[in-house]
Amino acid sequence: MASQLRGNDLRQLGFPEGRAIGLALAQLQRKEHKRLPQTEQLALLKTILTSPTDYLTDLAWSHTAAALLPPPSRHVELVARKEYATFGAEHIEQGAIHQMEVAMKLPVTVAGALMPDAHYGYGLPIGGVLATDNAVIPYAVGMDIGCRMALSVFDLPVKYLGQRTQELRNLLLANTRFGGGRGWERGQRLGHDVLERDEFATVPFLKNKHVSAVEQLGTSGSGNHFVEFGLVEITDPTNDLGLPLGQYVGVLSHSGSRGLGASVAQHYTGLARDVCKLPAEAAYLAWLGLDTEAGQEYWAAMTLAGDYASACHEQIHRRLAKTLGEKPLAKVENHHNFAWKERLADGREVITHRKGATPASAGVLGVIPGSMTAPGFIVRGKGAAASLASASHGAGRLLSRTRAKAELGEAEVRRHLADHGVELIGGGLDEAPMAYKDIHSVMASQRELVDVLGSFTPKIVRMDGA
């Protein structure tokens, strides 16, 4: 019987430190190799070491051979830029265009489009739509996963908005919560099926997220998130809402998945950047393959966060409807900052990322808000192939948060709000109406993408800071 080879024997032969030595020694213990003379064992190992690729399909030695090969490079080169459609290019800053150009150079990119409200963001610009092949990009989805608009239309007299301003103001203060980390107090929380989802137990990263998800359900974040009472005007008799032409009282909310979505975005972006090393200008566009464990985990976590965001809006509207003593005549809800499995016109299945872009497939309803002093619009998608069945998610920023704080004054903003008959609770200079683009110009740039069914004009607005 041949004497047993040891690790040092393989090192002297040229085996590198690592798994290959252990795998080779374990294989030599199998009886078909164990009875070979040591010289033949060494000769076999030398051959495998010299030509490992020849043994990748050998049942006995494939694992050893694979361990001898250098790990695949995680560095990914950009490719020639693919063409994409831009809507309202005259409204879009150069930084956002550059980010979209970079995204169109990813080897996984199939198609893309840029919406008229686009502005600079992390990774994919806000207002960017990107279709990829079997890959999901956490930062092309965004930090606030599943952020959405939700509108409830009530059969209340429009004069209610002017005559009962203080009452409606108090309703917003009592039935909404805003701000990072803010949750509902014990005894005031409402349950929801989303809190019983298996993902909280089956996705390892989510196992410690359940407690905060319970606390924050039904609340809103900071920044541009809001809940507001306003005037709904239905202008299209074929509006799909079953509403006669005319004016109504509405509740419109904008917020997302709270701390749950933010933590998912940060964690899986870190994983993506570790396995997908892109050039610096594209670093935040790192992706996870959907055929990988991490990719499947992110997809499950993203889906949960989107459903959680919807549950938050459901509870906000339920609380306000109950306090008003009214049932809504109609509801419209749509989300952005998400990824969908879809098919292009040519039949290819892709992952469509809409970062700050509204789904606008044929017949799909949505709400595109303006600003506190400009109307938003209830829309119906046309399914335009050039935009990947997408539209803008709002007016889009004209001034960055930093510029808005530096250039605008508190008194100026308050006068502007008063001139438009808007009561603001909370909010900051960074969310002043003047910080946003002209919504009418933005809508004019996407007539081929959506039909307008009606409008929503804010009157009593609550944001973070109150």
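Every value quoted in this text rests on a predicted model; they were computed, and no experiment measured them.
Using modelled atom types, no side-chain atom of Thr373 and backbone atom of Pro433 make a donor-acceptor pair closer than 3.5 Å. Using modelled atom types, no side-chain atom of Asp274 and backbone atom of Gly270 make a donor-acceptor pair closer than 3.5 Å. Not one N or O on the side chain of Ser361 forms a donor-acceptor pair closer than 3.5 Å with the backbone of Val364. Although no hydrogens or angles enter the test, the distance criterion places no donor-acceptor pair under 3.5 Å between the side chain of Glu431 and the main chain of Gly428. The closest donor-acceptor contact from the side chain of Asn170 to the backbone of Ala174 lies at 3.5 Å or more, if one exists at all. Counting only distance, with no hydrogens or angles, the side chain of Thr292 and the backbone of Gly295 share a donor-acceptor pair below 3.5 Å. For the pair Gln296 (side chain) and Leu290 (backbone), a donor-acceptor distance under 3.5 Å is present. Under the 3.5 Å distance criterion, the side-chain polar atoms of Thr109 are left unmatched by any main-chain donor or acceptor of Lys105. Judged purely by atom type and a 3.5 angstrom limit, Arg343 uses its side chain to pair as donor or acceptor with the backbone of Gly347. With hydrogens and angles ignored, the 3.5 Å screen pairs a side-chain donor or acceptor of Lys355 with a backbone N or O of Tyr139.
A donor-acceptor pair shorter than 3.5 Å can be found between the side chains of Asp144 and His225. Looking at Tyr248 and Glu233, their side chains never bring a donor and an acceptor atom within 3.5 Å of each other. Of the N and O atoms on the side chains of Arg354 and Ser390, at least one donor lies less than 3.5 Å from an acceptor on the other residue. Looking at His91 and Ser441, their side chains never bring a donor and an acceptor atom within 3.5 Å of each other. Judged purely by distance below 3.5 Å, without hydrogens or angles, the side chains of Arg177 and Ser220 never pair a donor atom with an acceptor atom.
Under the 4.5 Å side-chain criterion, counting only non-hydrogen atoms from C-beta, Leu252 is not in contact with Pro458. Between Tyr308 and Gln216 there is a side-chain heavy-atom pair separated by less than 4.5 Å. In this structure, the side chains of Val232 and Gln247 stay at 4.5 Å or more apart for every pair of heavy atoms. Annotation: side chain of Thr352 is not in contact with side chain of Leu130 (no heavy-atom distance under 4.5 Å). You'll find the side chain of Ile351 stays beyond 4.5 Å of the side chain of Val108, heavy atoms only. Residues Pro375 and Phe456 form no side-chain contact, since every pair of their non-hydrogen atoms from C-beta on lies 4.5 Å or further apart. Annotation: side chain of Tyr298 is not in contact with side chain of Leu271 (no heavy-atom distance under 4.5 Å). Counting only heavy atoms from C-beta outward, the side chains of Thr165 and Glu423 approach each other to under 4.5 Å.
Partner of Ile137 under the side-chain contact (heavy atoms from CB on, under 4.5 Å) criterion, chosen from Thr269, Leu106, Leu288: Leu106.
Atom CG in Leu156 sits 8.5 Å away from atom CG in Leu168 (nearest 0.5 Å). To the nearest 0.5 Å, atom CZ of residue Phe205 and atom CD of residue Glu199 are 14.5 Å apart. Remark: Thr238 OG1 to Asp451 CG distance equals 7.5 Å, nearest 0.5 Å. With values rounded to the nearest 0.5 angstrom, Arg380 atom CZ is found 9.5 Å from Leu241 atom CG. Rounded to the nearest 0.5 Å, atoms CD (Glu93) and CD (Gln99) are 8.5 Å apart. Taking CD1 from Ile378 and CG from Asp236, the interatomic distance works out to 10.5 Å, rounded to the nearest 0.5 Å.
Between His335 and His313, the gap from one ring centroid to the other reaches at least 6.0 Å.
Within a 6.0 Å radius of CG in Asp346, more than 12 heavy atoms belonging to other residues, nucleotides or ligands are found. The environment of NZ in Lys207 is crowded: more than 12 heavy-atom neighbours from other residues, nucleotides or ligands sit within 6.0 Å. For Asp419, the CG atom is densely surrounded, since the number of other residues' heavy atoms within 6.0 Å is greater than 12. For Tyr284, the OH atom counts as loosely surrounded, since its 6.0 Å shell holds 12 or fewer non-hydrogen atoms of other residues, nucleotides or ligands. Other residues, nucleotides and ligands contribute over 12 non-hydrogen atoms within 6.0 Å of the CD atom of Glu185.
A cation-pi arrangement is not found for Arg273 relative to Trp287, the charged atom failing to lie both closer than 6.0 Å to the ring centre and inside a 45° cone about the ring normal. Judged by the 6.0 Å distance and 45° axis criteria, Arg397 is positioned over the aromatic ring of Tyr436.
Between Glu314 and Arg318 there is a salt bridge, with a side-chain nitrogen of the basic residue lying less than 4.0 Å from a carboxylate oxygen of the acidic one. Ion pair Arg462/Glu228 not flagged as a salt bridge, since none of the NZ, NE, NH1 or NH2 atoms sits closer than 4.0 Å to an Asp/Glu carboxylate oxygen. In this structure, Glu333 pairs ionically with Arg148, as a charged nitrogen and a carboxylate oxygen lie closer than 4.0 Å.
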Evaluate the criterion side-chain contact (heavy atoms from CB on, under 4.5 Å) for residue pair Ile368 and Thr358; output intermediate values, then yes/no. CA-CA 8 Å; Ile368 299 176; Thr358 298; 4.3 Å; yes
Walk me through whether Leu429 and Glu410 qualify under side-chain contact (heavy atoms from CB on, under 4.5 Å). CA-CA 7 Å; Leu429 292 176; Glu410 187 74 33; 3.9 Å; yes
Under the side-chain contact (heavy atoms from CB on, under 4.5 Å) criterion, do Leu365 and Asp240 qualify, and how do the steps go? CA-CA 8 Å; Leu365 301 185; Asp240 300 272; 4.0 Å; yes
Could you go step by step and tell me if Glu349 and Lys341 meet the salt bridge (charged side-chain N to carboxylate O under 4.0 Å, His left out) rule? CA-CA 7 Å; Glu349 183 176 87; Lys341 291 181 180 178; over 6 Å; no
Kindly indicate, with the supporting measurements, whether the criterion side-chain contact (heavy atoms from CB on, under 4.5 Å) is fulfilled by Leu172 and Ile425. CA-CA 9 Å; Leu172 288 176; Ile425 310 164; 4.3 Å; yes
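Between Ala389 and Gly383, the closest heavy-atom pair is CB-CA, 4.2 Å. Summarising the geometry of Leu408 relative to Ala432, their closest heavy-atom pair is CD1-CB, 3.6 Å, with the distance given to 0.1 Å. Here the closest non-hydrogen pair linking Asp155 and Glu326 is O-OE1, 4.3 Å. Scanning both residues, Asp430 and Ala435, for their nearest heavy atoms gives O-CB, 4.0 Å. Of all heavy-atom pairs between Val102 and Ala282, the closest is CG1-CB, 3.6 Å. Thr176 and Phe178 make their closest contact through OG1-CE1, 3.6 Å (heavy atoms, listed as atom of the first residue, atom of the second, distance).
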Enumerate donor-acceptor pairs with a distance under 3.5 Å from any side-chain N or O in residues 112-124 to protein atoms, sequence neighbours excluded.
residue: Asp117; atom: OD2; partner: His393; partner atom: N; Å: 3.0
residue: Asp117; atom: OD2; partner: His393; partner atom: ND1; Å: 2.6
residue: Asp117; atom: OD2; partner: Gly394; partner atom: N; Å: 3.3

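Using the six-membered ring where Trp is involved, His420 and His416 have ring planes that are tilted, between 30° and 60° apart.
Not counting sequence neighbours, the partners of Arg403 by the salt bridge (Lys or Arg N to Asp or Glu O under 4.0 Å) test are Glu407.
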